[in-house]
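First the structure, in the form of structure tokens, and then the observations on it.
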Amino acid sequence: QSETLRLSHQWSNKDVRHQVAQIVADEVAAADVDLEIQIFGSKSLFKPREQYRPLSRGQLDMSVLPLSYAGGQQPAYNLTLMPGMVKNHDHAARLSASPFMEALEEKMADDDVMVLVHGYLAGGFVGKDKCITAPEDVKGLQTRAAGKAFEQMLAGAGASIASMASSEIYNAMQTGVLTAANTSSSSFVSYRIYEQVKCYTPAGDVALWFMYQPLLMNKSRFDGLNADQQKALLDASAKAEAYYLEEAKKQDAESEKVFRDAGVEIAQMSSEDFDAWRALAQETSYKAFVADVPDGQQLLDMALAVE
Amino acid sequence: MDPLTLGGIVALATILVLFSGVSVALGLLIVSTGFLMVFDGMRSLELLPEILFGKLDNFALLSIPMFIIMGSSIASTRAGADLYEALERWLTRVPGGLVISNLGACALFAAMSGSSPATCAAIGKMGIPEMRKRGYPDGVAAGSIAAGGTLGILIPPSVTMIVYGIATETSIGRLFLAGVIPGLMLVALFMAWSLYATWRSGDQKLLNSAGYTWKEKFEILPRVLPFLLIIVGVLYAMYGGVATPSETAAVGALLCLIIAMVIYKLWNPRDLWVVLRDSTKESVMILFIIAAAGVFSYMLSSLYITQSIANWIGTLDVNPWVLMGAVNVFLLIAGFFLPPVAVILMAAPILLPIITTAGFDPIWFAVVLTINMEIGLISPPVGLNLYVINGIAPDISLKTILSGSLPFVGCMILAIVLLCLFPGLATWLPDAVMGAAL
Amino acid sequence: MAGSSSAVASQTGNNPFLRFVAALSTVAGWCSAAMIVAAVAITCQMIFVRFVLNGSTVWQTEAVIYLAIGATLIGLPYVQRLRGHVNVDLIPLMLGKRARFVMAICTLTLSIAMVAIMLWYGYEFWHLTFERNWKSDTVWGVRLWIPYLAMPLGFGLFLLQLIADLVAVILKIDAPFGLEDT
Ligand code: NA
Ligand code: NA
């Protein structure tokens, strides 16, 4: 019979993550299998961090969600926002198809959640007064980091961590409450951070900040669909995943262009810088993760094993 | 069912439930729960606590109790009287002296308090008896304070601007600045009307109140200093890189408490408790309405009503100003019955897309919306400021307070018209201080 | 004339149950006020650490948010006792004495049912969080059952105060809607 699925996410309808959801919705509609996907964007249904629990309990059908938001419920998910774990977008795609991701999907299955579209987005650093490439650059800066593991690593590098909502970054940068920040390329652009900073270090050949942001679905809900509907959904997802990967690569270049056009200096992270950050992360965030999660070491090794 | 029809039914049910006398917050929860139960199934109720908790899970909301503490700690001291007396001594040569000082005191006090009833109470306690003693008509005395008190939510800091900023994700610092010039404009309009009303009452000596010597004028100045200290301190914290706007509220609350205790000797635990009790009462009431209105807007969104209304308005081919007129009428009516924060939270998700699609500036709209809410504060049946005046001067009949306030409602409508003609009144200052709008 | 709170709290007469509930609500009010004060203090401490000492402030924002939520939920019964929850009593004012009494019983019963629902699901929500030991996804990693405890606690006390108010109206110790006959 005819089914309607409700999909929630936190982004505007110009965002790539909305477009991924839209492709799936459009493709499924075109398949004509009595399946409709209703998209609730811009946090209009649930707040970002409120989505995982309704999703796992079947009150929400689908969500495009940074998986680490649910790290308080499934600590293993914190591995999906670990500094230096992913080097670039192709590496991210290989990671999505690895035994590491299978292990994570098993954990999701325990919560009755499955992945439809895999995808990683990258991000970088901005400095109000100077460029940030190596760990010593952040010493003494008031920094707002996206993600727990990044806060741990940056604190290890001597930065002062300020926690605030992402919507406050612009003001805080303007008045000087913040002197550095780290988040995704698209957030930097959508919050117009380029108006307030001197230097931007985008994701380039190497980047520290990668966040896994898949399109998830409630598993029981998927299993309850008929075979045609399931096939339409999976086909649509495969198409969306290819698009997601291509767009993710473009995002970094586009954000770089926006910052450059705004007169912001662009810095590049060298592979030596990357190695220094990763060594620091091993001492700080990786260590804390392994101490915190029972099978943490095993999962970490699986992730690091991906070439 | 068609979401638009469903929306009509929800509106009707909401009106019925709220008019039954149940508290606004619980009423909103009751309506939301009822519709969720029927249209989303019993299991959707499992989400209620998480949604309620989530709506309060926002740092900026915390500035609400803090801006309320600022107002009520100062209001519990002699500070209001000092401020008021200083203005009177200095403005004595200005025609209409006393009522002008009252309005000036309201405006200054509004710059220290985020809430309108607090502003109204602080100045009214002193101002209304004094004006009546000197022979001002009851209507002018009560009406000017009721109206002057509403400035509490237009002149920064402002609880409603914070809530609007959260609901629409606009910069709270920018919203605060947008309220400054329209706030001053309203003060001027209020003063002009009060002067006219006093003059019309025929008692010419009211227009020239007693003179003061220069000694008396300078004597009182040190007592106004604490106010300047607080205002400068808060502005420095907010725009000087010390803290974000929402954090600044804590600085303000602390400064006010310290000044109340050190300068005004408010250290008797019993007196301090009165300050805390009043702030807790108002804050909890507002925050609970915010949480409940959040659940209500979840229900509207979950039943696809919000989206359908926005789509429907989008298909209407109307002149943006006709649309703006309709939005204003809607806000006015909602403001008659509901407290400002409830209106903002329930209406913002529906109105904002409409407003921005029609090409209006959300910062400018915040000011228009706030003035609409100010009107609601001095109009029946739910007029928080009327209630405050009633508490201060129980012997002035409600009819007199109302008829005294009505002309000020006229001033506010005039202010909205002026804002529509000259949007720069709201947008110029934030742009000048913080750079062009986002 | 309608509006919020009269300055008068609800009447308890000499009824021991009403006085007990009133006392509980008052204690809840103290806790709520204390949490707000603590939130002010912590925010100022955070600004000091960041602005003056240029240090890290990882836990303050979260702590302050939970304190504010706690203050709101725990403060509900006290504000109810002070009649601080705004309502529109236009219709009750127009009604006669008898009809107003019936109306008050209806709205109070409806309120009690609503708060009971919140208490029930709030308890479940808290219990699940406690059982699975969920934490917030920050460096501080608070065990979430602690802040979520405010939900069953606040709504539980709120329920008691509403029941007390209903009892007071039925026993004619308090006037319906707190409106004295005019
Ligand atoms: Na104000
Ligand atoms: Na009103």
| message | Taking CG in B:D395 as the centre, count heavy atoms belonging to other residues, nucleotides or ligands within less than 6.0 Å. Is the count above 12? | response | yes
| request: Name the member of B:P339, B:S279, B:A250 that forms the most heavy-atom pairs with chain C at distances under 4.5 Å. | output: B:A250
| field | Segment of C:M35 engaging chain B (4.5 angstrom heavy-atom cut-off) | value | neither
| note | Scanning both residues in full, the closest heavy-atom pair of C:G122 with B:P49 reads N-CG, 3.6 Å
| note | Ranking C:E124, C:M118, C:Q80 by heavy-atom pairs under 4.5 Å to chain B gives rank one to C:M118
| task | Could you tell me the separation between the CD atom of C:Q60 and the CD atom of B:E247, rounded to the nearest 0.5 Å? | result | 10.0 Å
| request: Identify which of B:I69, B:I401, B:L52, B:I289 forms the greatest number of heavy-atom pairs closer than 4.5 Å to chain C. | output: B:L52
| query | What class does the angle between the rings of C:W30 and B:W273 fall in, given that below 30° is parallel, 30 to 60° is tilted and above 60° is perpendicular? | reply | perpendicular
| Where does C:A71 contact chain B at under 4.5 Å (heavy atoms): side chain, backbone, both or neither? | backbone
| task | Evaluate the ring planes of C:Y66 and B:F53, with Trp represented by its six-membered ring, and classify them as parallel (under 30°), tilted (30 to 60°) or perpendicular (over 60°). | result | tilted
| remark: Here the gap from B:K281 atom NZ to C:H85 atom NE2, rounded to the nearest 0.5 Å, amounts to 10.5 Å
| said: With chain C as the partner, which of B:T280, B:L18, B:T248 has the greatest number of non-hydrogen pairs under 4.5 Å? | reply: B:T280
| field | Option in C:G75, C:A68, C:A33 with maximal non-hydrogen atom pairs under 4.5 Å from chain B | value | C:A33
| Residue part contacting chain B, namely of C:F158, when any heavy atom lies under 4.5 Å | side chain
| field | Nearest heavy atoms of B:M42 and C:Y121, plus distance in Å | value | CE-OH, 4.0 Å
| note | Okay, C:L76 and chain B: the region with an atom under 4.5 Å from a heavy atom over there is both
| B:L257 versus chain C, the contacting section by heavy-atom distance below 4.5 Å | neither
| message | With a 4.5 angstrom heavy-atom cut-off, is it the side chain or the backbone of B:L61 that approaches chain C, or both, or neither? | response | neither
| C:F51, part contacting chain B, at a heavy-atom distance under 4.5 Å | side chain
| What part of C:V37 gets closer than 4.5 Å to chain B, counting heavy atoms only: side chain, backbone, both or neither? | side chain
| request: Check whether B:N58 gets within reach of chain C through its side chain, its backbone, both or neither, counting any heavy atom under 4.5 Å. | output: backbone
| Relative to chain B, which segment of C:I42 carries a heavy atom at a distance below 4.5 Å: side chain, backbone, both, or neither? | neither
| message | I'd like to know whether CZ of C:F17 has more than 12 heavy-atom contacts from other residues, nucleotides or ligands below 6.0 angstrom. | response | yes
| said: As an exercise, state the distance from OG1 of C:T129 to CD of B:E50, rounded to the nearest 0.5 Å. | reply: 8.0 Å
| Just how far is it from atom CG of B:L26 to atom CE of C:M114, taken to the nearest 0.5 Å? | 7.5 Å
| query | Of all heavy-atom pairs between C:V88 and B:F337, which one has the smallest distance, and what is that distance? | reply | CG2-O, 3.6 Å
| field | Spacing of B:E282 atom CD and C:L82 atom CG [to the nearest 0.5 Å] | value | 13.0 Å
| query | CZ of B:R43: more than 12 outside heavy atoms within 6.0 angstrom? | reply | yes
| Greatest number of heavy atom pairs closer than 4.5 Å to chain C - which of B:L56, B:V24, B:V242 | B:V242
| Greatest number of heavy atom pairs closer than 4.5 Å to chain C - which of B:D57, B:D278, B:L47 | B:D57
| Among B:I30, B:L48, B:I286, which residue forms the greatest number of heavy-atom pairs with chain C at distances under 4.5 Å? | B:I30
| field | C:W59 atom CH2, neighbour heavy-atom count above 12 within 6.0 Å | value | yes
| Can you say whether B:S20 sits under 4.5 Å from chain C via the side chain, the backbone, both, or neither, judging by heavy atoms? | both
| note | To the nearest 0.5 Å, atom CD1 of B:I64 lies from atom CD1 of C:I36 at 11.0 Å
| request: Answer with side chain, backbone, both or neither: which region of C:I112 has an atom nearer than 4.5 Å to a non-hydrogen atom of chain B? | output: neither
| field | Heavy-atom pair with the smallest gap, counting every atom of B:G21 and C:P92 | value | CA-CG, 4.1 Å
